[in-house]
Amino acid sequence: MLQVSFIRQNREAVLERLAVKNFFQTELVDEVIALDDERKKLQADFDSTQARVNSASKEIGNLMRQGQKEGAETLKAEVASLKVGIEPLKVKMANVEKGLLDKLLLIPNLPALEVPKGKTPEDNVVVREGGVKPTLAEGALPHWELTTKYKLIDFELGTKITGSGFPVYIGKGAKLQRALVQYFLDFNTAAGYVEYLPPFLVNEESAYGTGQLPDKEGQMYHATADNFYLIPTAEVPVTNVYRDTILKEDELPIKMTAYSPCFRREAGSYGKEVRGLNRLHQFEKVEIIQIVHPDKSYEVLDGMVDHIEKLLQSLELPYRILRLCGGDMSFTSAITYDFEVYSAGQDRWLEVSSVSNFENFQTNRLKCRFKDANGKMLLTHSLNGSALALPRIVAALLENNQAGEGIMLPRVLHSYFGAEWIL
RNA sequence: GGUGAGGUGCCUGAGUGGCCGAAAGGAACGGUUUGCUAAACCGUCGUACGGGUUAAACUGUACCGAGGGUUCGAAUCCCUCCCUCACCGCCA
């Protein structure tokens, strides 16, 4: 959520930035400003009336103690008439505040200056590529055949138990998941991230805090009996650790990492693009999250990109890093880099990580602040990224490393998996 | 799920209708002094939204789990909900 005061002071710049995200609802921005004007006016009215009520009430107490009943009664009558006027003010103020918040929630975060213009994924900019694309032997298979061949994953069984998009990992397939989670967490904690194991269901407040609600309501599974949401990413519970918090400046930066299963309804997406592990309703992911000083967030972003790049390099996968264009970025992000790995069996790039700086868009909602050296209250900046999402990593590992009678795993996984090959 | 006790500022904790945005102690921060792993003393020490100011000072309103109610006036009384703790029940 943007700050109203910022919008007021930078209306033109805000509109200009929003255009990069293909957001052209000028009227929404102006409505926010108008509602805020109204809010201020109503509050001034309310405050002055209420001030009179308060002082009169105090006086009534004094008069009563002195036994001056008539004087007290006169004042009581005055207060009664003031309160008649105050009631509708209160109601109106609550409505205006609600209206203001509702409008504000519809305005996306402003893209950073270096975000390229564009509408579709084709407009994303490749900033770096690394690794070597493998040349596969004749008869190479896509991962959904390899997982069957080596008895790693049973997709049909998952359909029987739950539904499509809920794979069942079996034997070495299950162990590979565990090995990857363990490796990723170790890699992250070695870089100073503190490991969290958060709840996988969150309440409504937390879902609002990170911006999943209200705009992504349909994408989350909702346990209605208790009004809990299944998390679409560990970002939600972990970022909410710092909801309603005032930090000390020297506590920054805060670095957290968390493994969690992720649940996504992904309503409306079907077809061969989503075959196998390419898109699932439940998958495993390890996330990294930082809460930082606002002056440092872009430096930190570069560091996170670097961190994830090294992780991908250690897995010996061909990858590329994209800077997303305005149209392809999420509602809450100021800048996003996507990491894709090349999966040779499908001859496709698969997104395995997304790193974003949210600046103070999330922390304004969360109210995660700190006091600077002058005692001034400032919003922190928040960032997060996947390090990494498992399914597509597995897809690429299987497809790229298929060789003869088995699949050769990268060196870093040998000790975690307990073997060099999947045979 | 049942019964009981509670939810007050960074923490402990007082406060049962006006003098309470809230005692006291601790922590933290700033300072003075003495100086050896520290003590003593003084000061500061909630947040939000307004007004005000170059910026402060100053000032209004709201907030004592959340929401509603009673009252001229609520941290304090009433109702609903949430949460915590204890015991019981159930249970990996």
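Below, read A as the first sequence line, B as the second, and so on, with proteins coming before strands; counting in each chain starts at 1.
- Side chain of A/Lys40, nearest nucleotide from B/G73, B/G50, B/A48: B/G50.
- Contact annotation: A/Lys371 does not reach the phosphate of B/G46 (side-chain N/O to OP1 or OP2, under 4.0 Å).
- The distance from the CG atom of A/Leu398 to the CD1 atom of A/Ile407 is 4.5 Å, given to the nearest 0.5 Å.
- In the set B/C72, B/G50, B/U47, the nucleotide with an atom closest to the side chain of A/Gln43 is B/G50.
- Of the listed nucleotides (B/U71, B/U61, B/U47), B/U71 has the atom at the smallest distance from the side chain of A/Lys83.
- Between B/G35 and B/A48, the two C1' atoms lie 45 Å apart (nearest whole Å).
- Each of B/G60, B/C19, B/G73 was ranked by its minimum atom distance to the side chain of A/Lys58; first place goes to B/C19.
- Of the side-chain N and O atoms in A/Asn54, one or more sit less than 4.0 angstrom from OP1 or OP2 of B/U61.
- Contact between the side-chain N/O atoms of A/Gln50 and the OP1/OP2 oxygens of B/G60 is not found at any separation under 4.0 Å.
- Each of A/Lys248 and A/Arg52 has a nearest nucleotide on RNA chain B; the 5'-most of these lies closest to A/Lys248.
- Taking atom P on both nucleotides, B/U16 is separated from B/C81 by 27 Å, rounded to a whole Å.
- Note: CE (A/Met93) to P (B/G60) measures 17 Å, nearest angstrom.
- Atom CD1 of A/Ile321 is separated from atom CD1 of A/Ile308 by 8.5 Å, given to the nearest 0.5 angstrom.
- Taking for each of A/Ala56 and A/Glu59 the nucleotide of RNA chain B with the nearest heavy atom, the 5'-most of the two is the partner of A/Glu59.
- Taking atom CG of A/Asp250 as the reference point, atom C1' of B/C10 lies 14 Å away to the nearest angstrom.
- Aromatic ring pairs are classed by plane angle as parallel below 30°, tilted from 30° to 60° and perpendicular above 60°; the pair A/Phe200 and A/Tyr259 is perpendicular.
- In the set B/C49, B/G50, B/C72, the nucleotide with an atom closest to the side chain of A/Val79 is B/C72.
- Taking the six-membered ring where tryptophan is involved, the planes of A/Tyr221 and A/Phe166 are tilted, since the angle between them lies from 30° to 60°.
- One atom, CD of A/Glu97, and another, P of B/U61, lie 17 Å apart when rounded to the nearest Å.
- The existence of a salt bridge linking A/Asp37 and A/Lys41 is excluded, since no basic side-chain nitrogen approaches an acidic carboxylate oxygen closer than 4.0 Å.
- Within the shown strands, B/C85 is the pairing partner of B/G4 under the Watson-Crick or G-U definition, both distances less than 3.5 Å.
- For the pair A/Gln68 CD and B/C72 P, the computed distance is 19 Å after rounding to whole Å.
- Atom CG of A/Asp47 is separated from atom C1' of B/G52 by 14 Å (rounded to the nearest Å).
- Look at CD on A/Glu73: it is 9 Å from P on B/C72, rounded to the nearest Å.
- For the C1' atoms, the distance from B/A28 to B/G60 is 30 Å, rounded to whole Å.
- Salt-bridge formation is not detected for the pair A/Arg411/A/Glu316: no Lys NZ or Arg NE/NH1/NH2 atom is positioned less than 4.0 Å from an Asp or Glu carboxylate oxygen.
- Summarising the base pairing, B/C90 is matched to no nucleotide, lacking a Watson-Crick or G-U wobble pair whose two defining distances lie under 3.5 Å.
- You'll find the ring centres of A/Tyr298 and A/His381 outside the 6.0 Å limit.
- When the P atom is used for both B/C19 and B/U12, the distance is 26 Å, rounded to whole Å.
- Figure legend. B/A66 is base-paired to B/U80; pairs are counted as Watson-Crick or G-U wobble with both atom distances under 3.5 Å.
- Applying the 4.0 Å criterion to OP1 and OP2 of B/C49, one finds that A/Arg39 has every side-chain N and O outside that range.
- Applying the Watson-Crick and G-U wobble criteria (two distances, each under 3.5 Å), B/U37 pairs with nothing in any strand.
- Pairing of B/G30, defined by two Watson-Crick or G-U wobble distances under 3.5 Å, is identified with B/C42.
- To the nearest whole angstrom, the two C1' atoms, one in B/C10 and one in B/A66, are 22 Å apart.
- In this structure, A/Arg365 atom CZ and B/A48 atom C1' are separated by 17 Å, rounded to whole Å.
- Figure legend. B/A75 is base-paired to no nucleotide; pairs are counted as Watson-Crick or G-U wobble with both atom distances under 3.5 Å.
- Of the C1' atoms belonging to B/A56 and B/C72, the separation is 37 Å, rounded to the nearest Å.
- The aromatic rings of A/Phe331 and A/Phe361 lie perpendicular to each other, with more than 60° between the two planes, well past the 30° mark.
- The pairing partner recorded for B/G52 is none, the criterion being a Watson-Crick or G-U wobble arrangement whose two distances lie under 3.5 angstrom.
- Taking the P atoms as reference points, B/U80 lies 13 Å from B/U3, given to the whole Å.
- Remark: P of B/A66 and CD of A/Glu204 are 18 Å apart, rounded to the nearest angstrom.
- Rounded to whole Å, the C1' atom of B/A22 lies 44 Å from the corresponding atom of B/C91.
- Counting any heavy atom pair closer than 4.0 Å across all strands shown, A/Arg369 reaches sugar-phosphate atoms only and no base atom.
- No contact: A/Leu75 has no heavy atom under 4.0 Å from any strand.
- Of the side-chain N and O atoms in A/Arg65, none sit less than 4.0 angstrom from OP1 or OP2 of B/C19.
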